[in-house]
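Throughout, a chain's letter reflects where its sequence line sits, starting with A, and its residues are numbered from 1.
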Protein chains: 2
Amino acid sequence: MPNKHVKEMEALKEHLGKHQLKLTRQRELILSAFLRQEHITAEAMYHQLAKSDPHLGLATIYRTLNLFCDAGLAQARHFGTQTQYDNISHKGHHDHLICTDCGKIVEFENCDIERLQEEVATQNGFIIKTHRLELYGLCSRCRH
Amino acid sequence: MPNKHVKEMEALKEHLGKHQLKLTRQRELILSAFLRQEHITAEAMYHQLAKSDPHLGLATIYRTLNLFCDAGLAQARHFGTQTQYDNISHKGHHDHLICTDCGKIVEFENCDIERLQEEVATQNGFIIKTHRLELYGLCSRCRH
DNA sequence: ATTGAAATTGATAAGCTGTCTCAAAATGAT
DNA sequence: ATCATTTTGAGACAGCTTATCAATTTCAAT
Ligand SMILES: [Mn+2]
Ligand SMILES: [Mn+2]
Ligand SMILES: [Zn+2]
Ligand SMILES: [Zn+2]
């Protein structure tokens, strides 16, 4: 576990402590791998980790990534067919631009859009809990 | 087929003609049922139509609703677990507010948001083809 | 109206992603 | 060190949608 992931490790431990959950070798391992990327699917991580840990089960990966979501370190996104687990440990809320050709994902944040969303909700008597904004198109390289 | 659905029927016929597809009793039937609602799942329509047509297959419903998507009459949305087929025949693009408590869905359109989306895309070198904006929360009734 | 190539249908098998089950192993409070 | 509790791994299972394929229907050309 690299030194730079200490803060996230602490956050996980705090969540575990609050919910009578245990810290296992697998959870440490998966956290370390997870924090190295921005978005990853359970299967992709399964294959990635199989090289060093051939007996790590896919179910454990799913369970652990979902645990990270509960702990506020990850967020599940549904860009394509498989769930992408988004690393939100060191950044706040954000939305995505997705290239339908090469799969490139760009994260962005736009306060004006967020404010207008609240406005729309208020006009309709809603109180927003979460939202999902995804822009699909072609990135600069795939456009040509 | 009610008289008021003639325009959509024509749109479907045009799509069929352009793609060497045939007009069948099932397609007419499913179109008629589809146009009576704003959003519906394939299974919901299956059960709805089973009352009058017990032999209409679920696969045919799926195939036909996907055909409507190709023809521009419908749009597939993924609010929950099942695909919702959105009737866009008589309205343009729109986004949704969804109550997580009672499932109520409100459609809205906000040009300012759309414009800001284009801005974000341009800043990142993207050209938007489609987008998805969903606001999840509590409606006025479920808030209390 | 009849023909016949091509498309469609219905029943069901299969596919895909993700969760559940459960015996064995690991954890950690005492 | 003990031992109740949690976790793991392997595979079964579940939910939703698409693929398969023989039988039927459509429709353009007689
Ligand atoms: Mn992200
Ligand atoms: Mn709609
Ligand atoms: Zn691209
Ligand atoms: Zn509600």
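- The CD1 atom of A/Ile30 lies 11.0 Å from the CD atom of A/Glu28; values are rounded to the nearest 0.5 Å.
- For B/His131 and A/Tyr136, the ring centers are positioned 6.0 Å apart or more.
- A sub-4.0 Å separation between OP1 or OP2 of C/dT19 and a side-chain N or O of A/Tyr62 is absent.
- Rounded to whole Å, atom P of C/dT12 lies 16 Å from atom CD1 of B/Ile61.
- When the side chains of ILVMFWY residues are joined at heavy-atom separations under 4.5 Å, either directly or via intervening members, B/Leu135 and B/Val106 end up in a single hydrophobic cluster.
- Across the helix from C/dA1-D/dT30 to C/dT30-D/dA1, the helix axis at one end is tilted relative to the axis at the other end by 30° (nearest 10 degrees, each axis from five pairs).
- To the nearest angstrom, C1' of C/dA7 lies 12 Å from CG of B/Leu23.
- The shortest distance between the side-chain N/O atoms of A/Thr24 and the OP1/OP2 oxygens of D/dT6 is not below 4.0 Å.
- Within 4.0 Å of A/Leu58, counting heavy atoms only, lies no atom of the nucleic acid at all.
- Between the C1' atom of C/dT8 and the NE2 atom of B/His15 lies a distance of 14 Å, rounded to the nearest Å.
- Contacts with DNA chain D (heavy atom under 4.0 Å) in residues 63-78 of chain B: B/Arg63, B/Asn66, listed by number.
- For A/His96 and A/Phe79, the gap between ring centers is short of 6.0 Å.
- Between the P atom of D/dC16 and the CD atom of B/Glu43 lies a distance of 6 Å, rounded to the nearest Å.
- Contacts of residues 44-57 of chain B with DNA chain C (heavy atom under 4.0 Å): B/His55, B/Leu56, B/Gly57.
- OP1 or OP2 of C/dG10 lies within a sub-4.0 Å distance of a side-chain N or O belonging to B/Thr60.
- With ring centers used as reference points, B/Phe68 lies under 6.0 Å from B/Phe34.
- Atom pair A/Leu16:CG and D/dT8:P shows a separation of 10 Å (rounding to whole Å applied).
- No option in B/Asp95, B/Ile105, B/Ile98 other than B/Ile98 meets the side-chain contact (heavy atoms from CB on, under 4.5 Å) test with B/Glu134.
- Atom pair B/Leu29:CG and D/dT26:P shows a separation of 13 Å (rounding to whole Å applied).
- Rounding to the nearest 0.5 Å places CD of A/Gln37 at 10.5 Å from CD of A/Gln84.
- Remark: A/Lys91 engages A/Glu107 in a salt bridge, criterion side-chain N to carboxylate O under 4.0 Å.
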**Q.** Worked check of side chain to side chain donor-acceptor pair (under 3.5 Å) between A/Arg115 and A/Gln117
**A.** CA-CA 5 Å; A/Arg115 189 173 38 72; A/Gln117 287 175 7; over 6 Å; no
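- Within 3.5 Å, no donor on the side chain of B/Lys22 pairs with an acceptor on the base of D/dT25, nor the reverse.
- In terms of position along DNA chain D, the nucleotide closest to B/Ala59 lies nearer the 5' end than the nucleotide closest to the other residue of the pair B/Ala59 and B/Arg25.
- Between A/Arg27 atom CZ and D/dT8 atom C1' there is a gap of 9 Å when expressed in whole angstrom units.
- In this structure, the separation between CG on B/Asp86 and NE2 on B/His39 is 3.5 Å, given to the nearest 0.5 Å.
- Contact annotation: B/Thr83 side-chain N/O to D/dC16 OP1/OP2 distance is not under 4.0 Å.
- The backbone N or O of A/Ala11 sits nowhere less than 3.5 Å from a side-chain atom of A/His15 that would complete a donor-acceptor pair.
- To the nearest angstrom, P of D/dT26 lies 14 Å from NZ of B/Lys13.
- Between A/Thr81 and C/dT17, a side-chain N or O to OP1/OP2 separation shorter than 4.0 Å is present.
- Contact check, A/Gln26 against D/dG9: a side-chain N or O comes under 4.0 Å of OP1 or OP2.
- Between B/Asp53 and B/Arg25, at least one side-chain N (NZ, or NE/NH1/NH2) sits under 4.0 Å from a carboxylate O, which counts as a salt bridge.
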